[in-house]
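Below is one structure, written out as structure tokens; the observations come after it.
Each chain gets a letter, A, B and so on, in the order its sequence line appears, and its residues count up from 1.
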Amino acid sequence: MAKSDAEVKVLGTWASPFVMRVRISLNIKSVAYEFLQERLWEGKSELLLKSNPVHRKVPVLIHGDDTICESLIIVQYIDEVWPSAPILPSDPHERATARFWAAYLDDKWFPSLRAIGMAEGEDARKAAIGQVEEGLMLLEEAFGKCSQGQAFFGKDQIGYLDITFGCFLGWLRVTEKMSGIKLLNEINTPALLKWANRFCNDAAVKDVMPETEKLAEFAKMLRGRVRATPKS
Amino acid sequence: MAESNVKVLGTWASPFVMRVKIALHLKSVSYEDVEEDLLAPKSELLLKSNPVYKKIPVFFHAHNPICESLIILQYIDEVWTTSASSILPSDPYERSQSRFWAAYVDDKFFPALRRLLIGATEEDKKAALAEVVEGTVVLEGAFGELSKGKAFFGGDNIGFVDIALGSLLGWIEVIGKQCETKLVSEAKTPRLVQWADCFSAHEAVKDVLPDVDKLADFGLKLRAKILKALAPTN
């Protein structure tokens with residue numbers, strides 16, 4: 001049996017943007033998988049602790065006997081095992097650019113988005129929002145360069161950077177709802193605003209992207225739990 | 001192969017810059033070495049070519065800048081493709097394992113090492129030391145899995161993880177001396193001790209790893225600069 005025919009399982013949660021990346025990638029490749037849902041607020045499962053002992057986080061991809069962790073590493077793995085409908089560009093320089101912005105999103109931008117929800121006091125909140133908006137302007141510029149006038153960062157199809165960024169849209173919209181500020185808007189990020197709608201409507205994405213309402217309720221529940229936890 | 005349009009903007013002391021040079025040596029690609037002074041204000045070239053992070057290394061190929069050392073390594077591997085000097089393995093699962101452990105070095109191990117270098121209080125240093133030692137034990141385990149009994153994480157030849165971790169060896173020694181501890185110890189990580197010797201002696205590496213005393217001296221200056229920048233201003 002070819003490796004690509006072995007059973008595929010995804011260990012994750014419906015709310016995690018990182019898990020969504022994996023599911024979208026498998027959808028792009030038309031690869032069927034079993035979705036094993038973790039209930040992280042009830043504690044981590046045996047399977048999770050065993051398959052990701054280093055980080056103990058979702059997503060985990062289980063492919064036959066192999067386990068692969070870290071969402072962007074999993075996406076690249078999927079792209080290499082199932083080479084049809086490529087996710088990463090073929091040109092090395094474009095690949096480097098896609099990887100650069102994906103790393104920026106994970107290392108800088110998303111933490112700055114989360115900082116809005118955790119900011120204490122108006123000054124801190126404003127500073128956090130400022131950082132996110134600054135990042136979005138960089139990403140608007142990057143979109144112009146990468147898309148070259150086409151619909152996605154990956155040009156005519158969704159690619160690595162679309163998936164990396166697009167999976168954060170749910171949480172971006174929750175943050176907009178809770179803060180009352182349109183972070184993606186006509187004035188500063190007109191191209192990204194249109195891209196966001198196209199991404200969410202893509203066939204590989206729409207059944208996996210959670211509704212903003214449901215995500216907002218989940219965020220409230222999480223915040224309640226965090227505040228209830230006694231600080232030692 | 002002499003390449004007139006290949007440039008590395010960096011510094012002799014940076015492990016991240018070392019990674020790029022090692023990769024180029026492995027591929028026998030010659031390059032122009034442009035030195036950035038970390039103790040001075042950032043150069044125009046740096047600010048222009050890496051506006052997002054303003055950090056070295058920056059790799060230039062045909063005038064296009066590429067940033068972030070592990071991304072540069074993959075770029076080099078994809079442009080100069082000779083299987084004899086492949087940096088990442090060819091099998092997708094093995095590639096994912098290499099990427100995982102290189103990411104571990106950057107996201108978990110290096111930050112702990114850095115906290116040990118710049119730790120202001122005894123308590124900070126103690127906590128960082130525990131994390132670093134734990135990290136070496138985890139990496140010893142990873143070495144067992146990836147090397148499959150051979151000399152390197154990459155097997156017979158140095159690869160992605162070897163370069164990612166090996167580039168830190170100079171700093172590991174300097175910081176260890178500062179703490180009066182062998183951070184990579186015979187007792188806890190015998191395989192890594194052996195691997196470190198093999199790595200440091202490799203053709204593509206030996207001229208890139210800096211002199212430890214020179215690095216120690218630089219480390220003191222860098223620590224002072226960082227602590228000054230972190231100090232609250234009145």
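For B:K48, there are no salt bridge (charged side-chain N to carboxylate O under 4.0 Å, His left out) partners at least two apart in sequence or on another chain.
Proximity to chain A (any heavy atom under 4.5 Å) is shown, for B:R99, by both the backbone and the side chain. With a threshold of 4.5 angstrom between heavy atoms, A:H63 does not approach chain B through any atom at all.
In A:D65, the CG atom is not crowded: 12 or fewer heavy atoms of neighbouring residues, nucleotides or ligands sit closer than 6.0 Å.
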task = Could you go through the side chain to side chain contact (heavy atoms under 4.5 Å, CB included) check for A:I78 and A:V31 one step at a time?
result = CA-CA 9 Å; A:I78 290 169; A:V31 172; 5.9 Å; no
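Taking the ring centre of A:F165 as origin, the terminal cationic atom of A:R21 falls outside the region bounded by 6.0 Å and 45° from the ring axis.
Per-residue heavy-atom pair counts under 4.5 Å with chain B were compared for A:K108, A:E70, A:R95, and the maximum is reached by A:R95.
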